[in-house]
Amino acid sequence: MDKTQSDCPYPGCFFCVMKEANPSKRRASVLKFFRELPSQDDNGQALPISSLWNTAMAHPNDPEFINLGIFECMAALIWKGLKNRRWLAHDQNIYIPYYAAHIIGSYTMNMEEFAEHAVRAGVIPPLVELLRGRLTWVEQRVAVRALGHLTTYPSTFTAVADHGEVLELAIQLASSSLEIVYSHFYQFVDQRLGYHCDLLTRGMGNAETESRKAEEWASQLQCWSLQLINCFAFKPEFLRDICKADFLVKLPGMWGGLVNENSPAGVGLLRTICQSKVGQGHVAVADIPGTIDTLCNIARSSDDWQYMAVDCLIWLVQDASTCHKVIDEAAPMLIDLADISTLGDYKKLGDTIVTVLQECMQQGNSRRTISTQTKAEIDELLRCKKSFKLEKNMLKEDLHIKQAAALVVKLEGNSLFSSGNIAGAAEKYSEALALCPMKSKKERVVLYSNRAQCYLLLQQPLAAISDATRALCLHSPVNRHAKSLWRRAQAYDTLGFAKESLLDAILFINECSQSNDPDLSLKQNKVPNYAERLVKKQMRTTWLFREAALKRGGVHCQGDASDVFGREADDSEWETASESDAESDARGEADDETYVRTMATRMISVRKAEE
């Protein structure tokens, strides 16, 4: 120890201090280091701070430095960087405010006790100054992260909320973060700040790596801002400030992109808002109908945000004061999901949807405002559910007859499709669905999926999306029927819903990689050309900086891919009668299907004889 210290050119060096074997001496030295560091102007201060940054990320629950004054030290260093620009520009001190704010955020991430200590140490005022943009967007990112952690805990929320500008700053940042990062970093490669590039890539990347990382950080800046706002949204007194029409209408589009796909993002905030009657009223107001339409698209999706959007719409329909404003937009989507079993925390989501829609129909005020078409669709859903209950009391032989009849009609539909009579095929699939028992889920998956393909070719994308969604809900596991994912991806593409199309196309490729179906399995792990083209097109269209680039006229805009993807023939996607049967995994079910197919063969023979 003594030899190491004598060899070190820096008295009180943090690294030498940490090598002290005596715990008491080490704590005393660390305490002194934290107290004296903010007042020193020596070279090399960024190095121990970066070491502390690594330690905080690796051991965020370790209390040693918390009790020795690390929060006080970090707050003082941020203030020093804000007030003394000469010091900030010296040596590598430009990195210190970023590291300091990041350290605060890491140590307050999991432990409420640490957060309370941070508040007492006075970290909030300097973090708020960083949030204002007193330095750059890089420091804003770590400041909003740290403040977001502090607002998570009941004991420290008020301390953040007392700074009234925090919520408004977070709303502004969530709305403008992508444009800020694009214009201040991404757009002009030769004007990028050196320390930004170093922080993004740890000094080991090129311009392309920096750009990719900048997209990830921009997404985090937006999503962490939304997380901070979300903490305020649980408090009714802040909802008026949050629920402004121009902000609400943007929320569903704030999805974090593929680089931050696990964040609840804008949909998560909308879900929190919709948990209260005050929030529901704001979301359902007539001047932002686009929000409801976008929520419906997300609710049909197959990603982690689906259950959040479903929650929002169910709550809006359940509330008598908002039901009449959203029912005509929400009901078709909810009906499409009525056959789903488990989703997120929902164990019987389909039953919940049926109950909610039935209660809505029974409310006098709501029923009078529901359109005739929506009433008919809900009535049809209730009729189907009643038929399902009646089937439970039917004789097994009677069910087999219905299955066989449905199979005959489906085969006729397949024949019509093969001959090019798409409209006739769609009618046959509709007829088969009417005959097919509700409990024959596998066969109904095929029928809905095949009819979805017909609607695609008939240029009826909304109907195709509806049928593909129903097939995905009936499938086991839910949302994992490859062919329905692909057909819905194409339908979304036709309507210009690039994000939804992209997510379905990616899931389709994922399902192909795991499929035993020779028509779908990826040969030599190669993605089908038609799927690859669609994914590339939608990735360009949903590029996180696309809107900012178009607005700024940036030369780095990814371009318009509208003519890149040509619709492929769907021959490899067509599902024949035998393919659904091949999925049977139970002996009794296989025997039943064999019996049904035998009966269907006889019916076909009888029909041919009659003709």
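For clarity, every value in this text was computed on a predicted model and none was experimentally measured.
Side-chain atoms of Arg487 come within 3.5 Å of backbone N or O of Ser449 as a donor-acceptor pair. For Ser415 (side chain) and Leu411 (main-chain N/O), no donor-acceptor pair under 3.5 Å exists by modelled atom type. No side-chain donor-acceptor contact under 3.5 Å links Arg300 to the backbone of Ser466. Looking at Arg141, its side chain never comes within 3.5 Å of a backbone N or O of Ala218 through a donor-acceptor pair. Here the side chain of Glu329 pairs no donor or acceptor atom with the backbone of Asp293 at under 3.5 angstrom. Judged by distance alone, with hydrogens and angles left aside, the side-chain atoms of Arg192 form no donor-acceptor pair with the main-chain N or O of Cys197 at under 3.5 Å. Using modelled atom types, one side-chain atom of Ser175 and one backbone atom of Ile171 make a donor-acceptor pair closer than 3.5 Å. In terms of modelled atom types and a separation under 3.5 Å, the side chain of Ser176 and the main chain of Glu179 share no donor-acceptor contact.
Within a 6.0 Å sphere centred on CD of Gln373, heavy atoms belonging to other residues, nucleotides or ligands number 12 at most. Atom CD of Glu547 sits in a sparse spot, with 12 or fewer heavy atoms from other residues, nucleotides or ligands closer than 6.0 Å.
Minimum interatomic distance between Leu178 and Ser219 (heavy atoms only, all atoms of both residues): CD2-N, 4.4 Å. Nearest heavy-atom pair across Arg145 and Ser106 is NH2-OG, 3.1 Å. Closest approach of Ile422 and Leu458 over heavy atoms only: CG2-CG, 3.8 Å. The two residues Leu485 and Phe508 come nearest to each other via the heavy atoms CD1-N, 3.9 Å. In terms of heavy atoms, His282 sits closest to Leu248 at O-CD1, 3.9 Å. The minimum heavy-atom distance linking Cys296 with Met333 is given by the pair O-CG, 3.4 Å.
Ring geometry for Phe545 against Tyr186 counts as tilted: the plane angle lies between 30° and 60°, on a 0 to 90° scale. Between His481 and His475, the two ring planes are tilted [angle within 30° to 60°].
For residues 454-465, no residue pair satisfies the salt bridge (Lys or Arg N to Asp or Glu O under 4.0 Å) rule, not counting sequence neighbours. Counting only residues at least two apart or on different chains, the salt bridge (Lys or Arg N to Asp or Glu O under 4.0 Å) pairs with a member in residues 469-479 are Asp336-Arg470.
Using a 4.5 Å heavy-atom cutoff, the side chains of Gln538 and Tyr492 are not in contact. Within the 4.5 Å cutoff, the side chain of Leu550 has heavy atoms near those of the Arg546 side chain. Annotation: side chain of Asn450 is not in contact with side chain of Asp467 (no heavy-atom distance under 4.5 Å). By the 4.5 Å heavy-atom criterion applied to side chains, Trp255 and Ile298 are not counted as neighbours. Proximity of Tyr195 to Thr136: side-chain heavy atoms (C-beta onward) are separated by under 4.5 Å at one or more points. Within the 4.5 Å cutoff, the side chain of Ser225 has no heavy atoms near those of the Gln172 side chain. In this structure, Leu435 and Val408 have side chains that are not in contact, with every pair of non-hydrogen atoms separated by 4.5 Å or more. The shortest side-chain heavy-atom distance between Asn414 and Tyr429 falls under the 4.5 Å cut-off.
Here Leu313 contributes atom CG and Leu295 contributes atom CG; the two are 5.0 Å apart, rounded to the nearest 0.5 Å. Here the straight-line distance linking atom SG of Cys473 with atom CD1 of Ile353 works out to 7.5 Å at 0.5 Å rounding. Rounding to the nearest 0.5 Å places CZ of Phe417 at 5.5 Å from SG of Cys454. Note that CG of Asn230 is 8.0 Å distant from CD1 of Ile273, once rounded to the nearest 0.5 Å. How far CE of Met308 is from SG of Cys274: 13.0 Å, rounded to the nearest 0.5 Å. The structure places CD of Gln453 at 5.5 Å from CG of Leu456, a figure rounded to the nearest 0.5 Å.
Remark: Glu427 engages no residue in a salt bridge (charged side-chain N to carboxylate O under 4.0 Å, His left out) (not counting sequence neighbours). Applying the side-chain contact (heavy atoms from CB on, under 4.5 Å) test to His184 and every residue at least two apart in sequence or in another chain returns Trp137, Ile180. In this view, Arg271 and Asp311 satisfy the salt bridge (charged side-chain N to carboxylate O under 4.0 Å, His left out) rule, not counting sequence neighbours. The side chain to side chain donor-acceptor pair (under 3.5 Å) check on Ser177 picks up nothing, with sequence neighbours excluded.
Between Glu216 and Arg212 there is no salt bridge, since no side-chain nitrogen of the basic residue lies less than 4.0 Å from a carboxylate oxygen of the acidic one. The pair Lys385-Asp339 meets the salt-bridge criterion, with a side-chain N (NZ, NE, NH1 or NH2) lying under 4.0 Å from an Asp/Glu carboxylate O.
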Take Thr342 and Val478 through the side-chain contact (heavy atoms from CB on, under 4.5 Å) test and state the conclusion after the steps. CA-CA 8 Å; Thr342 301; Val478 171; over 6 Å; no
List the steps and the verdict of salt bridge (charged side-chain N to carboxylate O under 4.0 Å, His left out) for Lys428 and Glu431. CA-CA 5 Å; Lys428 286 296 180 182; Glu431 184 181 340; 3.7 Å; yes
Does Val138 form a side-chain contact (heavy atoms from CB on, under 4.5 Å) with Trp217? I'd like the steps, not just the answer. CA-CA 8 Å; Val138 166; Trp217 279 27; 4.1 Å; yes
Pair Val267, Leu251 - check side-chain contact (heavy atoms from CB on, under 4.5 Å), show working. CA-CA 7 Å; Val267 179; Leu251 278 181; over 6 Å; no
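Side-chain N/O atoms of Asn206 and Thr209 include a donor and acceptor closer than 3.5 Å. In this model, a donor atom of one side chain and an acceptor atom of the other lie less than 3.5 Å apart for Thr469 and Arg488.
Less than 6.0 angstrom separates the ring centroid of Trp486 from the ring centroid of Tyr530.
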